[in-house]
Amino acid sequence: MMRTHYAGALRAEQIGQTVTVCGWVAHRRDHGGVVFIDLRDVEGMVQIVLDPSADGLEAAKRLRPEWVLRVTGAVRARPDGTVNLDLITGEVEIGAVVLEILAEAEPPPFPIDEREGAANVDDNLRLKYRYLDLRRPRMARNLRLRHQMVSAIRRTMDDQGFTEVETPTLTRSTPEGARDFLVPSRLQPHLFYALPQSPQLFKQLLMVAGLDRYYQVARCWRDEDLRADRQLDFTQLDLEMSFVDQDDVMTAVELAVRAGISAVRGVELSEFPRITWDEAMSRFGSDKPDMRFGMELHDVSGVFAATGFNAFKDKAVLAIGVPGRGDASRSQLDGWTDRAKALGAAGLVWMRVRGPVSGDGAPEGSVAGLESPVAKFCSADELAALRGAVGVAEGDLVLVIADADRRKAQQVLGHLRLDLGKPERIDEPLALLWVTDFPLFEAIGADGRPVPAHHPFTQAHEADWDILEADPLAVRSQAYDLVINGIELGSGSVRIHQRERQQRVLSLLGIGPELAQDRFGFLLDAFRYGAPPHAGFAFGIDRLAMVLAGETSLREVIAFPKTQSGGDPLTEAPAAVDAEQLAALSIALRPLKK
RNA sequence: GGUCCUGUGGUGCAGUUUGGAGUGCACGCCGCCCUGUCAAGGCGGAGGCCGCGGGUUCAAAUCCCGUCAGGACCGCCA
């Protein structure tokens with residue numbers, strides 16, 4: 001047996017025992033006659049003392065940070081006045097009798113401890129030496145937090161009667177909408193597997209198979225550009241249930257998410273509120289609203305219905321009030337205007353609330369107490385009505401976006417709302433909510449076909465099937481998203497389990513019977529044999545862990561993540577392969593375009 | 001595909017706006033001293049392709065162009 005105790009787990013109870021611990025040298029403090037070593041292992045740190053008479057004293061003087069040691073000695077209480085309350089093990093120390101060097105170490109390329117000024121190491125360097133980065137408290141803590149969260153979620157799924165089933169990672173393309181990662185087949189040259197964007201079709205087949213309640217902690221792949229909250233490969237809690245409605249799924253998911261949060265935060269959240277997609281867009285300009293703060297959108301189109309101001313005339317005119325930002329500088333205002341334009345708006349109208357609607361106190365040039373470059377184009381009645389609708393007070397700022405396209409105006413203003421109002425911390429407080437009644441289709445594509453908002457297996461509202469072909473954009477779906485602090489955690493839907501309806505939707509999407517049969521005929525075939533009504537959900541394990549860890553990047557909760565350009569500085573993936581490997585796959589590389 | 005930020009001894013930064021000697025801070029590293037420290041302390045020392053390439057200039061870490069890498073965002077990701 002290499003050790004008897006974890007170094008970081010020693011407490012006053014062990015005083016008097018002789019123990020053997022193993023770990024890494026965190027610090028060495030050499031006082032000449034006596035040497036202190038902080039020995040770190042997975043549980044924490046403990047102080048090793050080499051007294052002037054100790055056999056290991058000479059060896060201890062050679063020690064450097066990150067050397068690996070095995071130390072045997074007696075746990076003893078620290079002398080009066082030397083207890084270290086900053087250390088959990090700070091009441092005790094080990095008087096070393098045997099000190100064994102298991103491995104020497106070169107100085108690490110960056111500090112392992114996260115003392116002030118050394119916490120922010122370049123991402124590239126951290127990832128190149130990820131095994132050292134993972135020794136640091138932040139990452140060690142995050143990986144454990146993630147495990148505890150997933151562990152609690154798994155227990156909750158088990159308690160609810162779910163069966164975990166693994167599905168293939170070498171499969172064929174699923175119609176999720178993102179680019180597939182392709183894997184060439186050696187046994188069948190010129191054919192390709194695709195890595196799943198989700199186990200969508202397999203879990204529906206498991207419902208046909210009568211499994212009733214399936215879940216999986218599933219690895220998924222999407223070949224799209226990365227973001228702070230998007231990785232090429234990521235993990236979902238994927239689930240599907242038979243003979244259920246939307247509420248049943250939401251309840252099951254909510255239990256799992258709340259258990260995960262409880263496990264790492266120790267808080268029991270109450271039931272998540274639900275709002276419809278239309279309400280989310282109208283009030284927050286986003287289908288994943290951050291509900292931790294107000295600054296809701298106000299539709300003031302009616303106020304300007306007959307305005308003489310052309311920028312507002314015959315447009316959807318939306319406004320938000322920004323509390324206390326009436327003192328924003330011109331360059332800040334210009335910056336937000338640039339942001340609005342970058343997001344596709346024609347411009348941004350700002351108004352400083354400088355005084356009362358009428359009477360004294362309003363500065364020169366203001367109308368209805370509003371100071372703005374465009375105030376002179378609007379009537380006092382219009383601006384007074386605007387103030388009333390937005391509900392601002394003196395010292396506030398009003399931002400107005402006008403656009404012929406109401407959705408675009410909502411989205412732009414929704415972004416500005418986040419830019420100006422989002423709380424600094426990503427994880428406090430926690431505000432989760434359901435967004436329901438997504439439209440079945442989000443737009444009409446360039447080919448004249450509707451574009452699915454979720455995926456083509458999503459059930460429409462029962463009452464809306466009549467207008468599927470006639471007015472597709474008005475069709476509501478039985479699809480629902482879960483949102484945490486303005487981040488989309490996951491989405492799900494009631495599925496179409498009727499073969500005829502499925503073919504209607506596919507045909508509307510321009511996927512004819514032959515193409516449908518070729519791409520997912522196996523699902524349509526399965527529906528011939530008695531498909532139960534079913535519904536499901538999937539949410540991002542990485543994203544939930546990220547928020548609960550208080551991190552703003554997925555990289556901080558993934559052991560070996562990719563950079564923004566999709567590379568791994570540690571393994572240097574992706575990499576070229578041997579000509580022989582390509583030949584075995586019957587693949588020839590074409591020259592890169594300049 | 002696009003916009004923006006960053007790149008300076010091993011690490012984290014300042015210096016770049018207004019061109020003038022590789023100047024500075026903290027940590028780390030190496031050596032010596034030191035018996036109660038805990039981010040120990042004291043004394044001494046080493047360490048630089050200012051990401052890379054080109055241009056402007058008498059002179060470039062600093063200005064310009066390109067490029068690479070990392071990051072944030074838009075497009076994309078149902």
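Values reported hereafter were calculated over all heavy atoms of this structure, with side chains retained and with hydrogens, waters and symmetry mates removed. Chain letters run A, B, ... following the sequence lines, proteins first, then strands; residues in each count from 1.
Of the candidate nucleotides B:G36, B:C30, B:C77, B:C30 has the atom nearest to the side chain of A:R64.
Residue contacts shown for A:E106 are absent, as no nucleic acid heavy atom lies under 4.0 Å away. Residue-level contact check: A:P79 touches the bases, meaning some heavy atom is under 4.0 Å from a base atom. When heavy atoms are screened at a 4.0 angstrom cut-off, A:R76 is found touching base atoms of the nucleic acid. No contact: A:L87 has no heavy atom under 4.0 Å from any strand. Counting non-hydrogen atoms under 4.0 angstrom, A:P108 reaches nothing in the nucleic acid. Note on A:D223: nothing from the nucleic acid sits closer than 4.0 angstrom, heavy atoms only. Within the 4.0 angstrom heavy-atom criterion, base atoms lie near A:P52. Residue A:D86 is classed as having no contact, given no heavy-atom separation below 4.0 Å to the nucleic acid.
Checking each of A:D568, A:D223, A:D233 against A:K562 for a salt bridge (Lys or Arg N to Asp or Glu O under 4.0 Å) leaves exactly one that passes, namely A:D233.
The separation of B:C33 from B:U17, taken at their P atoms, amounts to 48 Å, rounded to a whole angstrom. With P as the reference atom, B:G51 and B:G10 are 13 Å apart, rounded to whole Å. If you take atom P in B:G55 and the same atom in B:A60, they sit 12 Å apart, rounded to whole Å. Taking atom P on both nucleotides, B:A21 is separated from B:C50 by 15 Å, rounded to a whole Å.
Ionic pairing of A:D290 and A:K422 is not present here: no N-O contact between side-chain nitrogen and carboxylate oxygen is shorter than 4.0 angstrom. Between A:D278 and A:R407, at least one side-chain N (NZ, or NE/NH1/NH2) sits under 4.0 Å from a carboxylate O, which counts as a salt bridge. Look at A:E556 and A:R126 and you find a salt bridge, because one of the NZ, NE, NH1 or NH2 atoms lies within 4.0 Å of a carboxylate O, short of that distance. The pair A:R230-A:D225 does not count as a salt bridge, with every side-chain nitrogen at least 4.0 angstrom from each carboxylate oxygen. With respect to A:D133 and A:R138, no salt bridge is recorded, no charged nitrogen being found less than 4.0 Å from a carboxylate O.
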Is there any protein nitrogen or oxygen under 3.5 Å from a nitrogen or oxygen in nucleotides 68-74 of chain B, and what are the pairs?
residue	atom	partner	partner atom	Å
B:A69	O2'	A:N124	ND2	3.2
B:G70	OP1	A:T563	OG1	3.0
B:G70	OP1	A:S565	OG	3.3
B:G70	OP2	A:S565	OG	2.9
B:G71	OP1	A:Q564	N	3.2
B:G71	OP2	A:Q564	N	2.6
B:G71	O3'	A:R555	NH2	3.1
B:G71	N7	A:Q564	OE1	3.4
B:A72	OP1	A:R555	NH2	3.3
B:A72	OP2	A:Q564	NE2	3.0
B:A72	N7	A:Q564	OE1	3.3
B:C73	OP2	A:A228	N	3.3
B:C73	O2'	A:R339	NH1	3.3
B:C74	OP1	A:H415	NE2	3.4
B:C74	OP2	A:R227	NE	3.4

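Judged by atom type and distance alone, A:R222 does not reach the base of B:C77 through any side-chain donor-acceptor pair under 3.5 Å.
Here B:C29 presents its P atom at 10 Å from CG of A:D113, a figure rounded to the nearest Å.
With A:R519 contributing its side chain and A:R172 its backbone, the two residues share no donor-acceptor pair below 3.5 Å.
Not one side-chain nitrogen or oxygen of A:R29 sits closer than 4.0 Å to the OP1 or OP2 atom of B:U37. A:R28 has no side-chain polar atom (N or O) that falls below the 4.0 Å cut-off from OP1 or OP2 of B:A40. Between A:H27 and the phosphate of B:A40, there is a side-chain N or O to OP1/OP2 separation shorter than 4.0 Å.
Geometric assessment of A:R449 against the ring of A:F441 yields a negative cation-pi assignment under the 6.0 Å and 45° thresholds.
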